[in-house]
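Comments concern the structure below.
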Amino acid sequence: LHAATTHLVGALLALLLRIGGVTGAQFGARTGTRFSGEQLRLLLGLTDPDAGRQAYAKAHIPGARYVHLDDDLSAPVGETTGRHPLPDPRALAEKLCAWGVGVNKQVVVYDDSYGSMAVRLWWMMRWLGHPGVALLDGGYPKWAREKRPLNAEVPTPHKAACACLP
């Protein structure tokens, strides 16, 4: 099962990069939404969990929340699981609600590795039935390279209404 899941995530990533990835300008044009903490939640997951928190503390896209691959996007590893087993859907839904992701909330996910980690959260949110999720084209590296806004502020969580989540 783990090998099949890894294959599926790789296939989803390739598909997203071709047809589903969006730039900041494209996302704004499609939705009429400006990148602001209240209108848009940007969730960040980095490939090196130890370095990720430090990088997030130094600078991230305004309004972004740090999401940890092991702590937030995986269940505990067991004898019959892979490295990052899927979390319990209800536990994940509760975390998303606590972060402010709820009904009719558009989410843009990004990471520091051009989507290879962010696609996991994209897929998981779709798995839960949340259709309003997109992958930021080029991720953090492109955003920073284009000298778009960055800051070190950690957004205050605002629990959301989560009727659409299980």
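What's counted below: heavy atoms across the whole structure, side chains too, no hydrogens, waters or symmetry copies. Because the structure is a prediction, the values reported are computed rather than measured.
Judged as a side chain to side chain contact (heavy atoms under 4.5 Å, CB included), and not counting sequence neighbours, P76 has no contacts. Scored by the side chain to side chain contact (heavy atoms under 4.5 Å, CB included) test, A57 finds no partners at all (sequence neighbours excluded). When the side chain to side chain donor-acceptor pair (under 3.5 Å) test is applied to D88, no partner is found at least two apart in sequence or on another chain.
Smallest separation of non-hydrogen atoms from A64 and Y56: O-OH, 2.6 Å. Heavy atoms only, all atoms of each residue included: D112 and P141 are closest at O-CG, 3.6 Å. The shortest non-hydrogen separation linking P87 to W127 is O-CH2, 3.5 Å. In plain terms, the two heavy atoms of M125 and V101 that are nearest each other are CE-CG1, 3.6 Å. Pairing each heavy atom of R126 with each of H130, the nearest pair is CD-O, 3.4 Å. The heavy-atom pair separating P149 from P62 by the smallest distance is O-CD, 3.2 Å.
Aromatic ring pairs are classed by plane angle as parallel below 30°, tilted from 30° to 60° and perpendicular above 60°; the pair H68 and Y66 is perpendicular.
Distance alone, capped at 3.5 Å, places no donor-acceptor pair between the D72 side chain and the V67 backbone. Under a 3.5 Å cut-off, the side chain of H60 and the backbone N or O of E153 do form a donor-acceptor pair.
We find the CG-CG distance between L135 and D111 to be 7.5 Å, quoted to the nearest 0.5 Å. Between atom OH of residue Y140 and atom CG of residue L150 there is a gap of 4.5 Å, rounded to the nearest 0.5 Å. The distance from the CG atom of L96 to the CZ atom of R65 is 11.0 Å, given to the nearest 0.5 Å. The CZ atom of R120 lies 4.0 Å from the OG atom of S74; values are rounded to the nearest 0.5 Å. If you take CD1 on I61 and CG on L136, they are separated by 5.5 Å, rounding to the nearest 0.5 Å. A distance of 9.0 Å separates CG in L73 from NE2 in H84, rounded to the nearest 0.5 Å.
No continuous path of ILVMFWY side-chain contacts below 4.5 Å connects L92 to V77, so the two sit in separate hydrophobic clusters.
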